[in-house]
Participant: 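So that we are looking at the same thing, I have put the structure below in structure tokens.
Each chain gets a letter, A, B and so on, in the order the sequences are listed, and its residues count up from 1.
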2 protein chains.
Amino acid sequence: MSAPDYDVFATQCPSRETLEVVTSRWGTLTLAALHEGERLRFGELRRRIDGISDKMLSQTLKQLEARGLVTRTAQDSSAAHVDYALTAEGRTVATAVIALVQSVYRVQPALG
Amino acid sequence: MSAPDYDVFATQCPSRETLEVVTSRWGTLTLAALHEGERLRFGELRRRIDGISDKMLSQTLKQLEARGLVTRTAQDSSAAHVDYALTAEGRTVATAVIALVQSVYRVQPALG
DNA sequence: CGGCATCCGAATGGATACTG
DNA sequence: CAGTATCCATTCGGATGCCG
């Protein structure tokens with residue numbers, strides 16, 4: 001049951017790529033938002049994540065989906081009702097992201 | 001003693017900026033490396049973080065230092081011996097970064 | 001509402017060369 | 001060893017417009 005030896009410090013390690021998707025400019029906030037909402041619409045995400053554009057939200061969601069961290073579900077055939085949720089793996093990572101955010105809150109008073 | 005209400009989702013919140021420095025392309029790996037080494041030289045960091053260039057390492061260290069997460073110490077007056085270490089706040093955040101990396105390791109087998 | 005396509009300026013970041 | 005400076009390609013990412 002031992003996992004393969006991953007090493008984020010090595011460029012060729014798949015974990016490095018995953019980390020980069022997770023810690024990409026909007027990836028972190030998107031995962032954090034999905035961890036709160038558990039099932040959100042595109043517009044809800046855009047409103048929640050201050051400053052993100054349609055293009056970047058769309059791109060970020062695709063990357064997260066391609067990496068298996070997020071699922072996209074269309075309610076009907078049209079594109080009118082689509083929502084996003086975390087996969088089991090996404091939840092695991094998003095929980096750690098939330099903890100990271102909270103660690104920032106904890107030190108922020110000391111940083112000005 | 002309640003901390004101010006921070007919100008990373010808001011562009012104008014200082015915690016958002018801190019999070020961006022922490023989760024910048026090389027910031028995460030630099031913090032992770034410093035958490036392992038506790039006191040590392042420039043060259044040690046560069047060798048540890050595969051793929052980083054002098055320029056980016058230098059720039060990332062400056063950002064982390066400016067944010068109060070890292071300290072820079074020159075042994076003598078020349079620039080021959082300099083090392084970097086985490087501040088107390090840096091250690092707090094770096095610990096959460098390590099946890100994030102480990103969460104990636106945990107899910108990586110399922111992601112291919 | 002939930003996108004995609006295009007344009008284009010701004011920022012990122014690597015390579016290389018150089019310095020104390 | 002620990003950077004700095006310059007050049008330059010790539011990428012980022014916002015604005016706009018269009019579509020089902």
Side-chain angles (χ1 to χ4, degrees), chain A residues 8-12 16-17 19-31 33-34 37-67 70-86, chain B residues 8-12 16-17 19-31 33-34 37-67 70-86:
Chain A
V8 283
F9 292 107
T11 50
Q12 76 284 5
R16 169 79 166 258
E17 263 185 66
L19 186 70
E20 283 180 358
V21 170
V22 170
T23 64
S24 66
R25 174 155 189 201
W26 301 109
T28 307
L29 292 175
T30 303
L31 287 172
L34 285 170
E38 194 65 29
R39 190 156 209 95
L40 295 173
R41 304 274 288 276
F42 188 89
E44 293 177 313
L45 281 166
R46 191 183 41 207
R47 277 187 298 278
R48 182 78 179 107
I49 305 169
D50 196 18
I52 198 170
S53 66
D54 282 7
K55 180 182 173 180
M56 283 302 106
L57 178 54
S58 175
Q59 195 176 107
T60 302
L61 285 168
K62 275 182 186 169
Q63 289 173 346
L64 292 172
E65 194 189 356
R67 274 274 146 187
V70 162
T71 56
R72 185 195 124 108
T73 313
Q75 250 50 334
D76 46 37
S77 53
S78 79
H81 298 288
V82 180
D83 48 31
Y84 297 89
L86 296 170
Chain B
V8 284
F9 292 107
T11 49
Q12 77 284 6
R16 169 78 165 259
E17 262 184 68
L19 185 71
E20 283 180 0
V21 170
V22 170
T23 64
S24 66
R25 175 155 188 202
W26 301 109
T28 308
L29 293 175
T30 303
L31 287 172
L34 285 170
E38 194 64 26
R39 189 154 210 94
L40 296 172
R41 305 272 287 277
F42 188 90
E44 293 177 314
L45 282 166
R46 190 184 42 208
R47 276 187 300 278
R48 182 77 180 107
I49 305 169
D50 195 17
I52 198 170
S53 64
D54 283 5
K55 178 182 172 179
M56 284 302 105
L57 178 54
S58 175
Q59 193 175 110
T60 303
L61 284 169
K62 276 181 187 169
Q63 289 173 347
L64 292 171
E65 195 189 355
R67 274 276 145 187
V70 162
T71 56
R72 185 196 124 109
T73 313
Q75 250 48 337
D76 47 35
S77 55
S78 79
H81 298 286
V82 181
D83 47 32
Y84 296 89
L86 296 170

Participant: Please examine the side chains of A:Thr73 and A:Arg39, heavy atoms only from C-beta on, and report whether any two atoms are closer than 4.5 Å.
Facilitator: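 In short, these two side chains touch, coming nearer than 4.5 Å.
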
Participant: Figure out the CD/P separation between A:Gln63 and D:dG13, and round it to whole Å.
Facilitator: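 Value for this atom pair: 10 Å.
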
Participant: Whole angstroms only, please: what is the CD-C1' distance between B:Gln75 and D:dC1?
Facilitator: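 Whole-Å distance recorded here is 12 Å.
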
Participant: Could you check B:Leu86 against B:Val70 for side chain to side chain contact (heavy atoms under 4.5 Å, CB included), going step by step and ending with a plain yes or no?
Facilitator: CA-CA 4 Å; B:Leu86 296 170; B:Val70 162; 4.1 Å; yes

Participant: Can you tell me which nucleotide in D:dA2, C:dC4, C:dG3 comes closest to the side chain of A:Lys62?
Facilitator: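 Out of D:dA2, C:dC4, C:dG3, the nucleotide with an atom closest to A:Lys62's side chain is C:dC4.
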
Participant: Distance check: side-chain N/O of B:Ser58 vs OP1/OP2 of D:dA2, anything under 4.0 Å?
Facilitator: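 No, no such contact exists.
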
Participant: Output yes when at least one side-chain N/O atom of A:Arg41 is less than 4.0 Å from OP1 or OP2 of C:dC1, else no.
Facilitator: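 For A:Arg41, the contact criterion (side-chain N or O under 4.0 Å from OP1 or OP2 of C:dC1) is not met.
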
Participant: Please report how far the helix from C:dC1-D:dG20 to C:dG20-D:dC1 bends, comparing the axis fitted to its first five pairs with the axis fitted to its last five, to the nearest 10 degrees.
Facilitator: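 Comparing the first five pairs with the last five, the axes sit 50° apart.
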
Participant: Give each protein N/O atom lying under 3.5 Å from an N/O atom of nucleotides 14-17 of chain D, with the pair distance.
Facilitator:
unit_1	atom_1	unit_2	atom_2	d
D:dG14	OP2	A:Ser53	OG	2.9
D:dG14	O6	A:Lys55	NZ	2.4

Participant: Within this structure, what is the CD1-to-C1' distance between B:Ile49 and D:dA2, rounded to whole angstrom?
Facilitator: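 It works out to 15 Å between those atoms.
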
Participant: Distance check needed: C:dG3 C1' versus A:His81 NE2, whole Å only.
Facilitator: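 That distance rounds to 14 Å.
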
Participant: Output the single nucleotide from C:dG2, D:dG3, D:dC1 whose closest atom is nearest the side chain of A:Arg72.
Facilitator: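 So the side chain of A:Arg72 is nearest to C:dG2.
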
Participant: State, with a plain yes or no, whether a side-chain heavy atom of B:Phe42 is found less than 4.5 Å away from one of B:Leu57.
Facilitator: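 Yes, their side chains come closer than 4.5 Å.
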
Participant: Is any side-chain heavy atom of A:Gln59 closer than 4.5 Å to a side-chain heavy atom of A:Lys62?
Facilitator: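 Side chain of A:Gln59 against side chain of A:Lys62, heavy atoms only: no contact under 4.5 Å found.
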
Participant: Whole-Å distance between C:dG3 C1' and A:Glu44 CD?
Facilitator: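 In whole Å, C:dG3 C1' and A:Glu44 CD are 16 Å from each other.
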
Participant: How many whole angstroms separate atom CG of A:Leu61 from atom P of C:dG2?
Facilitator: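 It is 11 Å, rounded to the nearest whole Å.
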
Participant: Calculate the interatomic distance between A:Phe42 atom CZ and D:dC19 atom P; express it in whole Å.
Facilitator: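 Those two atoms, CZ and P, are 19 Å apart.
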
Participant: Would one find a side-chain N or O of B:Tyr84 under 4.0 angstrom from OP1 or OP2 of D:dC1?
Facilitator: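 No, B:Tyr84 has no side-chain N/O under 4.0 Å of OP1/OP2 on D:dC1.
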
Participant: Just how far, in rounded Å, is C1' of C:dG3 from CG of A:Leu57?
Facilitator: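 Rounding to the nearest Å, CG of A:Leu57 and C1' of C:dG3 are 10 Å apart.
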
Participant: How far apart are the C-alpha atoms of A:Tyr84 and A:Leu34, what are their side-chain angles, what is the distance that settles it, and do they pass the side chain to side chain contact (heavy atoms under 4.5 Å, CB included) test?
Facilitator: CA-CA 8 Å; A:Tyr84 297 89; A:Leu34 285 170; 4.1 Å; yes

Participant: Step by step, would you call B:Leu45 with B:Leu61 a side chain to side chain contact (heavy atoms under 4.5 Å, CB included)?
Facilitator: CA-CA 10 Å; B:Leu45 282 166; B:Leu61 284 169; 4.1 Å; yes

Participant: Do you know the tightest heavy-atom contact between A:Phe9 and A:Arg16?
Facilitator: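 Closest approach of A:Phe9 to A:Arg16: O-NH1, 3.1 Å.
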
Participant: For A:Arg41 and A:His81, indicate whether the former's side chain and the latter's backbone hold a donor-acceptor pair under 3.5 Å.
Facilitator: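 Flag not set: sc A:Arg41 to bb A:His81 has no pair under 3.5 Å.
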
Participant: Below 4.5 Å, heavy atoms only, C-beta onward: do A:Asp50 and A:Leu29 meet side chain to side chain?
Facilitator: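 Heavy-atom side-chain distance check fails, nothing below 4.5 Å.
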
